Amino acid sequence: MPEAPELEVVKDFLADNLVGVSVESATVMKPSVLRSLCGDVAEDLPGRAFESVCRRGKFILLGLTGGRMLSINPMLTGALQYCSPKQRVYKRTCLRFALSNGKELRYIDDKQMGLVHYVGEGQIGVISRLHEQGPDVLDDFTFDEFQQRLKRFHGEIKGVLTRGRVISGIGNAWVDEILFAAQIYPFRKRKALSEDELRRLFEHSRKVVETAIPLVRERIGDDVHLKARDFLQVHNRGGEPCPRCGNSISQITANKRITSYCRRCQPGMLLRN
């Protein structure tokens with residue numbers, strides 16, 4: 001799943017390459033990922049130019065002339081590809097937009113789990129999950145605001161954070177990295193965390209993401225559809241030595257999600273019902 005570090009790089013790249021560029025044609029190859037509130041995308045979108053690119057949590061929002069917007073939520077398996085029209089079209093390609101600069105913007109999705117909304121002015125409120133998110137992990141908000149948002153939730157801290165209601169933009173992989181940096185056991189209940197632990201969690205949430213962004217940018221370059229996570233400290237590194245203490249990294253898979261952590265640096269006990 002692309003998260004804030006990856007999507008921030010994608011957002012910056014698209015802002016540099018799309019703003020002022022027009023869509024010449026739109027091809028829908030897999031309609032299951034598309035939700036259009038403005039009629040046929042192939043008819044309504046061509047001729048419109050990109051005016052803005054922004055990221056809100058795990059969404060990329062592309063503003064177009066005439067009050068239109070493309071909202072992309074890649075979910076677990078989606079990505080945006082910016083390439084030459086001559087480049088091989090992957091079987092997982094769902095949408096193709098031919099651009100006036102001679103390039104193509106494509107939405108690719110292995111399992112068609114993501115969603116692309118095409119909406120007009122006043123319709124952004126219907127985009128599912130967009131407005132359920134908390135403030136973005138890179139937004140300016142205070143520790144007190146962070147604490148207040150956390151008070152509504154009582155479960156395991158990793159699950160609380162991956163929901164995106166307290167802070168948005170981070171998911172399964174980067175929460176592992178943040179909890180490791182903050183030295184907090186991922187299965188601790190939110191209520192069991194001290195104020196000092198919560199402050200570490202608050203500070204490292206932003207710090208880990210900010211540190212990762214230039215590393216992601218360096219690795220993927222113009223291939224913004226690729227995933228670059230070879231530099232992660234613990235996530236998906238089960239059995240490898242902890243970079244902090246050398247102890248073997250523990251890894252648990254539950255509900256098809258991997259949780260990786262160091263038992264020595266992040267002490268705690270896994271309780272089972």
Side-chain angles (χ1 to χ4, degrees), residues 1-4 6-8 10-83 85 89-101 103-137 139 163-165 167-169 171 224-225:
M1 174 190 290
E3 301 174 32
E6 295 92 356
L7 291 174
E8 190 70 11
V10 172
K11 181 261 293 182
D12 290 344
F13 177 86
L14 295 180
D16 289 340
N17 288 276
L18 286 188
V19 174
V21 174
S22 298
V23 178
E24 293 191 338
S25 67
T27 305
V28 180
M29 303 177 72
K30 298 186 187 300
S32 61
V33 304
L34 181 64
R35 305 286 185 274
S36 176
L37 301 184
C38 302
D40 188 341
V41 169
E43 294 181 0
D44 191 80
L45 183 54
R48 300 185 188 276
F50 292 98
E51 291 186 316
S52 63
V53 181
C54 68
R55 180 183 65 81
R56 189 178 301 175
K58 295 178 185 176
F59 288 73
I60 295 288
L61 304 175
L62 305 177
L64 293 142
T65 52
R68 297 288 192 260
M69 175 179 286
L70 279 166
S71 163
I72 298 113
N73 180 10
M75 299 290 283
L76 291 174
T77 56
L80 285 167
Q81 182 185 19
Y82 181 83
C83 61
V89 178
Y90 299 129
K91 289 182 180 179
R92 61 184 186 273
T93 301
C94 303
L95 304 170
R96 294 178 66 182
F97 305 126
L99 307 177
S100 60
N101 62 359
K103 297 288 189 177
E104 280 195 0
L105 181 67
R106 301 173 183 174
Y107 176 71
I108 58 179
D109 198 328
D110 284 336
K111 297 183 179 179
Q112 300 176 52
M113 298 178 70
L115 284 176
V116 177
H117 283 80
Y118 183 56
V119 299
E121 290 180 333
Q123 296 176 318
I124 193 171
V126 307
I127 298 174
S128 56
R129 303 185 184 185
L130 177 61
H131 302 286
E132 298 170 9
Q133 303 180 109
D136 188 82
V137 65
D139 283 348
R163 288 183 189 179
R165 301 291 184 88
I167 50 177
S168 62
V224 290
H225 61 289

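Since the model is a prediction, treat every value here as computed from it, not as a measurement.
Residue-environment remark: CZ (Arg55) exceeds the threshold of 12 foreign heavy atoms within 6.0 Å.
Aromatic ring pairs are classed by plane angle as parallel below 30°, tilted from 30° to 60° and perpendicular above 60°; the pair Phe13 and Tyr82 is perpendicular.
At least one side-chain heavy atom of Tyr118 sits under 4.5 Å from a side-chain heavy atom of Asp44. Counting only heavy atoms from C-beta outward, the side chains of Cys38 and Gln123 approach each other to under 4.5 Å. No side-chain heavy atom of Leu105 sits less than 4.5 Å from a side-chain heavy atom of Val21. Between Pro74 and Leu7 the shortest side-chain heavy-atom distance falls below 4.5 Å. Looking at Arg35 and Leu115, their side chains come closer than 4.5 Å, going by heavy atoms from C-beta outward.
If you take SG on Cys54 and CG on Leu62, they are separated by 8.0 Å, rounding to the nearest 0.5 Å. Here the CG atom belonging to Asn17 is positioned 10.0 Å from the CG atom belonging to Leu99, to the nearest 0.5 angstrom. Rounded to the nearest 0.5 Å, atoms CG (Leu14) and CD1 (Ile72) are 8.0 Å apart. Note that NZ of Lys91 and NZ of Lys30 are 9.5 Å apart. Values are rounded to the nearest 0.5 Å. Here the CE-CZ distance, from Met69 to Phe50, works out to 12.0 Å after rounding to the nearest 0.5 Å. Distance OH/Tyr90 to CD1/Ile108: 6.5 Å, rounded to 0.5 Å.
Put simply, the side chain of Asp109 gets close to the backbone of Gly114: a donor and an acceptor are under 3.5 Å apart. Judged purely by atom type and a 3.5 angstrom limit, His131 uses its side chain to pair as donor or acceptor with the backbone of Ile124. Without hydrogens or angle criteria, Thr65 side chain to Arg48 main chain gives no donor-acceptor distance under 3.5 Å. Using modelled atom types, no side-chain atom of Arg96 and backbone atom of Arg106 make a donor-acceptor pair closer than 3.5 Å.
One finds no salt bridge joining Glu3 and Lys58 here, because no Lys/Arg side-chain nitrogen approaches an Asp/Glu carboxylate oxygen to under 4.0 Å. Between Lys11 and Glu8, at least one side-chain nitrogen of the basic residue sits less than 4.0 Å from a carboxylate oxygen of the acidic one, meeting the salt-bridge criterion.
Nearest heavy atoms, Leu76 versus Pro2: O-CD, 4.4 Å. Heavy atoms only, all atoms of each residue included: Cys94 and Val33 are closest at CB-CG2, 3.7 Å. The heavy-atom pair separating Ala79 from Tyr107 by the smallest distance is O-CD1, 3.4 Å. Minimum heavy-atom separation, His225 to Gln81: ND1-CG, 3.7 Å.
Under the rule for a salt bridge (Lys or Arg N to Asp or Glu O under 4.0 Å), the partners of Asp110 that lie at least two apart in sequence or sit in another chain are Arg92.
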